[in-house]
Amino acid sequence: MSQNRIIIFSNGIADFRRTLPVRRGEPTRVSIPVRADHVADVLASLNVYGPVAVVDPPSYRPIQQSELNLSINAERALEDLAIRLSGTKVVADKAGGSVEGTLVGLHIEPEGKIGERIFPKSLVILSDHGFTKVALKELQKLRVEDEAVRGEIAKALDRSRQQIRPRSTVIDLAVRTDQDAAEVTVQYTVPAAAWKISYRLRVAEGCVEFQGFAVVDNNTDEAWKDCLISVVTGEPITFSTDLADSKIPLRGHVDVVRQAAVSAVEVEDSFLMAVPADSRGVLMAGAAAEGPGETEVSLRRAKLRKQPAAMLKVAGATVAAPEAEVREVGDFCVFESQVPVSIDANRSAAIPVFNTALKAATTVLYYKSENHPERPYRAIQFKNETPHSLGRGVCTVYEEGTYAGSCIIPATRPGGESLLPHALETGVRIRREKKRQRSKLVGLRLSEGFCYTNTHQTQDVLYRIRNLKDQAFTLLVDHEFSLPEPQVKCSVAKDGDPPLPLDIKESLKNGVRLSVDLAPQAELVLRASESRVQQSTVELADVKPQHEHLKARWLEENLVHTNGPLADDPGIRECLEIQQALDLKGQEISDAVSETERLAARQERLRKNIGTGGHDDQTAQWKVELGEAESRINTLEEETIPKLRQDERTIRDQLRGALLSLSAEWRVGEP
């Protein structure tokens, strides 16, 4: 008989293929035990293969139909049924014969003397001969003739069973064959615990043994007995549905006359993808179902390179285990077990999937300040020498048979490389020193009302490294940039020798990776020098007169007062002289406004004095002063201040023109 198969995806979907024998004659019932909340997944994916006909379609109890019309008291089952099944056709068997009729109910009649009475119970059945009592103690069998009532009893018992396994249910179907002996394969998918990949790296005497294990969790209530288990690194789309719910949809109201005419329909543009002429469907979950009419699936198969055990010079040979066959399907990688595996319900297992020897793996030290400020990590410089992709997973490292730490292997294509830090190295110390950032103006240009500046920024970072061990290392240092997108020059000085240039090993997203050879008991200083030219622009004047931002003072503060480049430029000096005249004119306007406010305040005091009365000569003098103040205010508001503001606008226009006409340039090395 064909083998049962389970294919588990890394996104938590499992594809089950169960094979059962079928013989000619009575229909063969197939029961699929699943969780109640997974019924919809089975219904959406159920397929039946083989030379059979489905005589009873898949049936199940809808999820929400848990409320039943009948319940049974397990402590007094027969008495409870005698009451609840009143009106049902039954046959009661007892020693003297059978009584057939309609169950009326339960009769309790006291017997014996007072104080010694007992209360025997009897069924009351209405037969063709009238009401008949059947004592419960004489009852041998009670048969229910009504099939619908028997169904309700079965539901009640099923609900009792559900209380033991509240999440479990069963999907039933029946098949028939015309052959003497045949097989039926039932395929379906359900959510399952996502499998994980676990790796082992065993390093000894320059050789590395690399193993992979699939960690599979059977979180179902069904034991997986003698199944071929395959695992897939892929994420097909999946979602939950309401197929298992029994629903009466709400009906919407439909107007016979449309409220609006049918509008135009816009179709989104599509991109046509070229399909090879010999393209065929590929079942991502594994091989196609066996049996007549199965679709041929063309897949690229890759066998792992197996090394003789003698080549794997590790401390203590690992136990030989059957490996999985590996297939690449697009971006998916399928590991198929070659021997049956059994995993009990709610148990997990680690299944070997490959074992190979690596040639390019080496041990190095790796340092990044954000990982640890003072210590590097021991790491494996890893290259995927297997012919298949590796999924992201935990890897345990052994050196000379001793546990050396754990790490994470990232998703890696064949031939891909990665660095696997697995333990902190305590024999090497690194101190990172970030020097003060320096900035120097290296270029300046004035043109059309703008000032363009080029500033050269530099940043040095030192890594002081000390090896306390009598062992040589290759040290990889990840240097993260302090400046945005800088140019980098690196050097290394060993034991006080002059620094020597150091090539950059690799470029990172925001930094570089450096590699140095660290001799035993050695000290060295690694320097990373970053530099960049920052360009900035300052708008000194806008060509639109209504805009008031004129920045001659910026020139004064940043060029003249600092004795910077172009400080003696005639055009800049002219702009500063005009700015000075503008400042003086602004001060005159401010003084005139203050004088107006002072005279207005004096007028208010004079009016109060005149209102209070007093000596006639004094009042007359106040009136004269009030008139003079009014005359002076009129002169200031109507003549002096307007003229000053006009002069200010004229000077401002001159300053704008001078700033816009500025044209000068300076670069490093020029006077």
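Nothing fancy with the numbering, it's 1 onward along the sequence.
Results of the salt bridge (Lys or Arg N to Asp or Glu O under 4.0 Å) test with E374 over R432, K368, R429 single out R429 as the only residue that passes. Evaluated for a side-chain contact (heavy atoms from CB on, under 4.5 Å) with V442, the options T453, T455, V668 yield exactly one hit, V668.
Side-chain contact between V428 and K469: absent, with no pair of heavy atoms (C-beta onward) separated by less than 4.5 Å. Taking 4.5 Å as the limit, some side-chain heavy atom of I430 sits within range of a side-chain heavy atom of L475. Side-chain contact between K551 and L540 is present, with at least one heavy-atom pair separated by less than 4.5 Å. Looking at heavy atoms from C-beta onward, N384 lies out of side-chain contact with I409 at the 4.5 angstrom threshold. Residues L559 and L444 have side chains in contact (heavy-atom distance under 4.5 Å, counting atoms from C-beta outward). Annotation: side chain of L566 is not in contact with side chain of L555 (no heavy-atom distance under 4.5 Å). At least one side-chain heavy atom of C407 sits under 4.5 Å from a side-chain heavy atom of C395. By the 4.5 Å heavy-atom criterion applied to side chains, Y366 and P376 are not counted as neighbours.
Of the possible donor and acceptor atoms, none in the side chain of D217 sits under 3.5 Å from a partner among the backbone N and O of A193. Formation of a donor-acceptor pair under 3.5 Å by the E385 side chain with backbone atoms of K359 is found in this model. Remark: side-chain polar atoms of T189 are not paired, donor with acceptor, to backbone N or O of S45 under 3.5 angstrom. A distance-only check finds a donor-acceptor pair linking the side chain of N467 to the backbone of Q471 [under 3.5 Å]. No donor-acceptor distance shorter than 3.5 angstrom exists from the side chain of E530 to the backbone of P486, with no hydrogens or angles considered. At least one donor-acceptor pair under 3.5 Å links the side chain of H422 to the backbone N or O of A404. Judged by distance alone, the side chain of R532 and the main-chain N or O of Q457 form no donor-acceptor pair under 3.5 Å. Listed for the W195 side chain is no donor-acceptor partner under 3.5 Å among the backbone atoms of S230. A side-chain donor-acceptor contact under 3.5 Å links Q521 to the backbone of L468. Side-chain atoms of R202 never come within 3.5 Å of backbone atoms of E400 as a donor-acceptor pair (strictly under, hydrogens ignored).
With sequence neighbours excluded, the residues satisfying side-chain contact (heavy atoms from CB on, under 4.5 Å) with L660 are A541, V543, R656.
A pairwise comparison of heavy atoms in L476 and V364 identifies CD1-CG2, 4.0 Å as the closest pair. Of all the heavy atoms in E557 and T562, the pair that sits closest is O-CG2, 3.5 Å.
No donor-acceptor contact under 3.5 angstrom links the side chains of Q3 and D226, judged on distance only. Checking D460 against S529 by side-chain atom types alone, a donor-acceptor pair falls below 3.5 Å.
The structure places NZ of K489 at 12.0 Å from OG1 of T458, a figure rounded to the nearest 0.5 Å. Note that OG of S10 is 11.0 Å distant from CD1 of I13, once rounded to the nearest 0.5 Å.
Applying the salt bridge (Lys or Arg N to Asp or Glu O under 4.0 Å) definition to pairs two or more places apart or across chains, those involving residues 503-512 are E506-R513.
Ionic pairing of D41 and R35 is not present here: no N-O contact between side-chain nitrogen and carboxylate oxygen is shorter than 4.0 angstrom.
The aromatic rings of Y463 and Y367 sit perpendicular to each other, their planes meeting at more than 60°, with 30° as the lower class boundary.
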